[in-house]
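Each remark here refers to the structure printed beneath this line.
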Protein chains: 2
Amino acid sequence: MAKPRYRRRKEDRPAEITDAAMAAFAEKGYAATRVEEVAKRAGVSKGLLYLYFKTKEDLFKAVIRNFVSPRLDALIGNIEDSDLTAEQFLRGPFLDFAKTVPKSPARILIRLMVAEGPKHPDLIAWYWENVVSKGLQAIRLVLEKGVQNGEFRRSALDDFPQLLISPILFSTVWTTLFDPHQKLDTDGFMESHIDFVLHSIKVDKT
Amino acid sequence: MAKPRYRRRKEDRPAEITDAAMAAFAEKGYAATRVEEVAKRAGVSKGLLYLYFKTKEDLFKAVIRNFVSPRLDALIGNIEDSDLTAEQFLRGPFLDFAKTVPKSPARILIRLMVAEGPKHPDLIAWYWENVVSKGLQAIRLVLEKGVQNGEFRRSALDDFPQLLISPILFSTVWTTLFDPHQKLDTDGFMESHIDFVLHSIKVDKT
DNA sequence: ACCCTTGCTGACCGGCAGGTCATTAATATA
DNA sequence: TATATTAATGACCTGCCGGTCAGCAAGGGT
């Protein structure tokens with residue numbers, strides 16, 4: 001009747017390990033995180049971790065892939081099957097999304113991408129295809145819809161849809177670096193930005 | 001008459017070493033750069049490096065301090081002793097600055113700050129005091145001047161001067177990560193951004 | 001109850017990189 | 001030229017950490 005020293009749970013292990021890794025990377029960054037530390041957090045031996053992930057780098061990539069895709073897909077799904085006007089979409093779901101990111105655990109990922117990305121070109125490639133280019137495409141879709149509706153005029157935003165997401169990156173980075181020195185009201189920040197952009201691209205109705 | 005194996009150049013060494021470190025960090029990032037590699041680039045032995053910098057971390061901080069301050073001071077100096085209008089300043093020297101950063105070696109520093117910053121709180125503190133808060137203050141000055149002139153109305157930008165610099169961070173990050181996949185015309189990007197902002201805050205003269 | 005498969009453990013290894021220090025050689029001084 | 005000073009070297013040490021592997025034990029099959 002001895003208490004078993006462990007249980008076999010092949011199914012759950014990978015997710016538990018990536019979760020633990022996410023938390024660890026968030027606190028210490030990639031290079032400074034020891035694989036054993038990740039294992040310990042996951043309640044697992046280092047050896048087991050290496051059964052599921054070939055290398056530390058492999059683990060890192062898995063972390064990114066796991067956390068990013070679901071979030072973005074949710075947002076994009078929102079665009080297609082909603083009947084909001086373009087402005088309503090930007091002030092509604094998009095703004096919500098933008099406000100959420102800097103506060104969510106996902107913000108850590110952004111920092112990790114910036115920090116470690118250049119060392120993992122294939123990861124960047126994946127991220128580009130599955131996240132960034134998709135996201136930009138979605139924004140273009142919204143803008144085009146706005147133009148078709150007569151809400152928006154054509155503007156530089158058509159060439160630089162990135163302008164819409166730039167403050168997301170900014171407030172995320174700001175929060176992780178400078179919050180102790182000066183808080184940034186990320187919600188107000190995002191709202192103001194959207195205001196400015198919309199003010200510039202909206203067709204004057206008067 | 002044997003050729004000397006080295007020369008004593010106490011004065012120049014530190015700068016040469018930080019230059020070398022800057023280049024090395026730029027290529028490989030902080031953690032992946034070996035101290036010996038830095039020494040080699042500087043044409044110096046590892047031992048000597050440790051005469052001038054107590055630790056690797058120390059070296060890192062010196063690199064940041066060396067490269068950042070001069071640049072920013074130059075820009076800020078520009079504000080005070082120019083008689084440009086606020087708009088002229090934003091479309092002139094400020095825009096030039098913003099266009100330059102993502103192309104200059106300084107862009108590496110931004111990545112390094114994002115990547116390594118959280119592990120060096122005292123460095124962040126220094127950066128906050130000597131770079132960021134100074135810069136924000138300068139922007140506020142320009143905005144206030146604009147308001148006094150009757151060029152600008154008061155706007156959310158007074159509360160969030162960061163909106164002006166956010167695309168600098170963005171285009172820098174974009175360039176280092178995604179350039180191989182999709183080039184970003186950083187000049188056009190910055191110009192469009194300034195256009196949008198000015199369009200929103202300018203007092204209507206009609 | 002007995003295998004037999006396989007999820008899981010943890011002691012171990014090898015190499016690497018940050019940091020030290022005894023020694024050397026270039027200059028300053030006289 | 002002789003001596004003192006110190007910039008500079010590079011071999012060396014040490015601890016750490018990614019990665020391995022021989023073996024153990026959980027739990028399914030019969």
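Each chain gets a letter, A, B and so on, in the order the sequences are listed, and its residues count up from 1.
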| query | Could you state the NZ-P distance from Lys40(B) to dA8(D), rounded to the nearest angstrom? | reply | 19 Å

| Whichever of Val44(B) and Lys54(A) has its nearest DNA chain D nucleotide further upstream toward 5' | Val44(B)

| query | If you count the non-hydrogen atoms of other residues, nucleotides and ligands that lie under 6.0 Å from NZ in Lys40(A), is the total more than 12? | reply | no

| note | From NZ of Lys10(B) across to C1' of dA26(C) the rounded distance in Å is 14 Å

| task | Indicate yes or no: at least one non-hydrogen side-chain atom of Leu48(A) is less than 4.5 angstrom from one of Ser45(A). | result | yes

| remark: Residue pairs passing the salt bridge (Lys or Arg N to Asp or Glu O under 4.0 Å) test with at least one member in residues 17-30 of chain B, sequence neighbours excluded, are Glu27(B)-Arg41(B)

| query | Does Arg7(B) put a side-chain nitrogen or oxygen below 4.0 Å from OP1 or OP2 of dT27(C)? | reply | no

| query | Separation of Glu11(B) atom CD from dA28(C) atom P, in whole Å? | reply | 11 Å

| remark: When rounded to whole Å, the CZ to P distance for the pair Arg13(B) and dA7(D) reads 11 Å

| field | No-H, no-angle donor-acceptor pair, Arg8(A) side chain to dA26(D) base, under 3.5 Å | value | yes

| Under the side-chain hydrogen bond (donor to acceptor under 3.5 Å, both in side chains) rule, what pairs show up with a residue in residues 95-105 of chain B, not counting sequence neighbours? | Lys99(B)-Glu191(B), Lys103(B)-Asp187(B)

| Separation of atom CG in Leu51(B) from atom C1' in dT23(C), rounded to whole Å | 14 Å

| field | Polar pair under 3.5 Å, donor/acceptor by atom type, side chain Arg5(B), base dA25(C) | value | no

| query | Nearest of dG10(C), dA17(C), dA26(C) to any side-chain atom of Arg34(B)? | reply | dA17(C)

| message | Just to be sure I understand the rule, does Tyr52(A) reach a base, reach only the sugar-phosphate, or reach nothing, if contact means heavy atoms closer than 4.0 Å? | response | sugar-phosphate

| remark: Heavy-atom nearest nucleotide on DNA chain D taken for Lys46(B) and for Gly47(A); more 5' hit belongs to Lys46(B)

| remark: Heavy-atom nearest nucleotide on DNA chain C taken for Leu49(A) and for Tyr30(B); more 5' hit belongs to Leu49(A)

| Can a side chain N or O of Tyr50(A) be found less than 4.0 Å away from OP1 or OP2 on dG19(D)? | yes

| request: Write down the distance between CG (Leu48(A)) and P (dT6(C)), rounded to a whole number of angstrom. | output: 16 Å

| said: Name the residue from Ile110(B), Val131(B), Asn130(B) that meets the side-chain contact (heavy atoms from CB on, under 4.5 Å) definition with Val68(B). | reply: Val131(B)

| Spacing between Glu36(B) atom CD and dC12(D) atom C1', to the nearest angstrom | 12 Å

| When the distance from CG of Leu59(A) to C1' of dG19(D) is rounded to whole Å, what number comes out? | 13 Å

